[in-house]
Amino acid sequence: TLMALMIACSAPAWCAEDIIDVLQRSQQMQLDALTAQEVDPSSAESQVVQRSFDKVLLALNLRQPGVRLIVVRSPLLAVCLMGRVVAANVSLAGLTESERTFILAHELGHIAHRHWAQLGELYKR
């Protein structure tokens, strides 16, 4: 363990990346990968999910800049990234309106409650 501590302490300064930068980069990589799987926003399925998203956004009166939805084909159901982007699986279009809005409201709740900033503070500690 002493050897590991000595190696860790001798790492060059450029290796000491800020934890928030690491978190930001990680989520950006996830977002980039999901964006590559984005479904055509004009498709009927995307439009169904977008309408539900807009409905929940209006109900929450969420006025944070940059909040947006991308509808994707991926293994995930829904995720909030970087405190402003919700990625949702196109399969949500096949759910009932209640089920779809519940899932989208959950993800938008992360934005409304500023969980991204809280996560950053937790990582800093």
Side-chain angles (χ1 to χ4, degrees):
T1 58
L2 180 59
M3 182 60 117
L5 181 59
M6 289 173 38
I7 290 170
C9 290
S10 66
W14 54 266
C15 287
E17 186 174 19
D18 181 82
I19 191 68
I20 302 304
D21 293 336
V22 173
L23 179 62
Q24 177 82 26
R25 188 176 71 244
S26 171
Q27 293 230 335
Q28 184 62 56
M29 289 171 60
Q30 290 177 57
L31 181 57
D32 292 345
L34 287 168
T35 300
Q37 300 175 55
E38 187 171 6
V39 174
D40 178 4
S42 65
S43 74
E45 294 167 311
S46 286
Q47 291 297 308
V48 167
V49 179
Q50 184 68 56
R51 279 192 300 272
S52 295
F53 180 84
D54 293 342
K55 179 179 172 181
V56 175
L57 201 56
L58 184 63
L60 289 174
N61 197 25
L62 197 57
R63 300 194 192 283
Q64 293 183 27
V67 174
R68 65 186 177 99
L69 169 73
I70 60 170
V71 179
V72 298
R73 291 190 196 283
S74 77
L76 66 80
L77 185 60
V79 66
C80 178
L81 295 168
M82 300 170 58
R84 67 180 187 279
V85 180
V86 173
N89 192 296
V90 67
S91 68
L92 265 63
L95 299 177
T96 67
E97 177 70 12
S98 295
E99 293 166 328
R100 188 171 41 257
T101 55
F102 176 84
I103 292 166
L104 294 170
H106 173 91
E107 297 308 326
L108 284 166
H110 291 299
I111 297 170
H113 291 285
R114 303 187 185 279
H115 288 167
W116 172 251
Q118 292 174 11
L119 183 62
E121 289 302 313
L122 177 65
Y123 273 47
K124 282 184 196 178
R125 282 185 266 151

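Each residue takes its place number in the sequence, starting with 1. Since the structure is predicted, the reported quantities are computational estimates derived from the model, not experimental observations.
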- Query: With the threshold set at 4.0 Å, does a side-chain nitrogen-carboxylate oxygen contact exist between Glu97 and Arg51?
  - Reply: no
Hydrophobic cluster membership, Ile20 vs Met29, 4.5 Å side-chain cutoff: no
In this structure, CG of Leu76 is separated from CD of Gln30 (nearest 0.5 Å) by 9.0 Å
ask   = Would a hydrophobic clustering, with Ile, Leu, Val, Met, Phe, Trp and Tyr connected at side-chain separations under 4.5 Å, put Val71 with Leu95?
value = yes
Original post:
Honestly curious: do Val39 and Phe53 fall in one hydrophobic cluster under the side-chain, below-4.5 Å linking rule?
Top reply: yes
* State yes or no: do Val79 and Val85 share one hydrophobic cluster built from I, L, V, M, F, W and Y residues joined by side-chain heavy-atom distances below 4.5 Å, directly or via other members? => yes
Rounded to the nearest 0.5 Å, the CG atom of Leu60 sits from the CD1 atom of Ile111 at a distance of 9.5 Å
All heavy atoms of Arg100 vs all of Ser52, minimum pair found to be NE-OG, 2.7 Å
Closest non-hydrogen contact found for Gln37 with Ser74 is OE1-CB, 3.1 Å
Between the CG atom in Leu57 and the CZ atom in Arg63, the distance rounded to the nearest 0.5 Å is 9.5 Å
Is the backbone N or O of Asp40 less than 3.5 Å from a side-chain atom of Ser46, with the two atoms forming a donor-acceptor pair by type? yes
Tightest non-hydrogen contact, residues Ala78 and Glu107, listed as O-OE2, 3.5 Å
key: Ala93 backbone acceptor or donor facing Glu45 side chain under 3.5 Å   = no
inquiry  = Would a single hydrophobic cluster contain both Phe102 and Val86, if residues Ile, Leu, Val, Met, Phe, Trp and Tyr are joined by side-chain heavy-atom contacts under 4.5 Å?
reply    = yes
May I ask you to decide if Leu81's main-chain N or O and Gln27's side chain share a donor-acceptor pair within less than 3.5 Å? no
On a heavy-atom basis, the closest approach of Ala88 and Leu69 is CB-CD1, 3.9 Å
To the nearest 0.5 Å, atom CD1 of Ile103 lies from atom CG of Leu77 at 4.5 Å
To the nearest 0.5 Å, atom CZ of Arg68 lies from atom CZ of Arg84 at 7.0 Å
To the nearest 0.5 Å, atom CG of Asp18 lies from atom CZ of Arg25 at 11.0 Å
Backbone of Leu31 reached by a side-chain donor or acceptor of Thr35 within 3.5 Å:
yes
Q. Taking the side chain from Asn89 and the backbone from Pro75, do they hold a donor-acceptor pair closer than 3.5 Å?
A. no
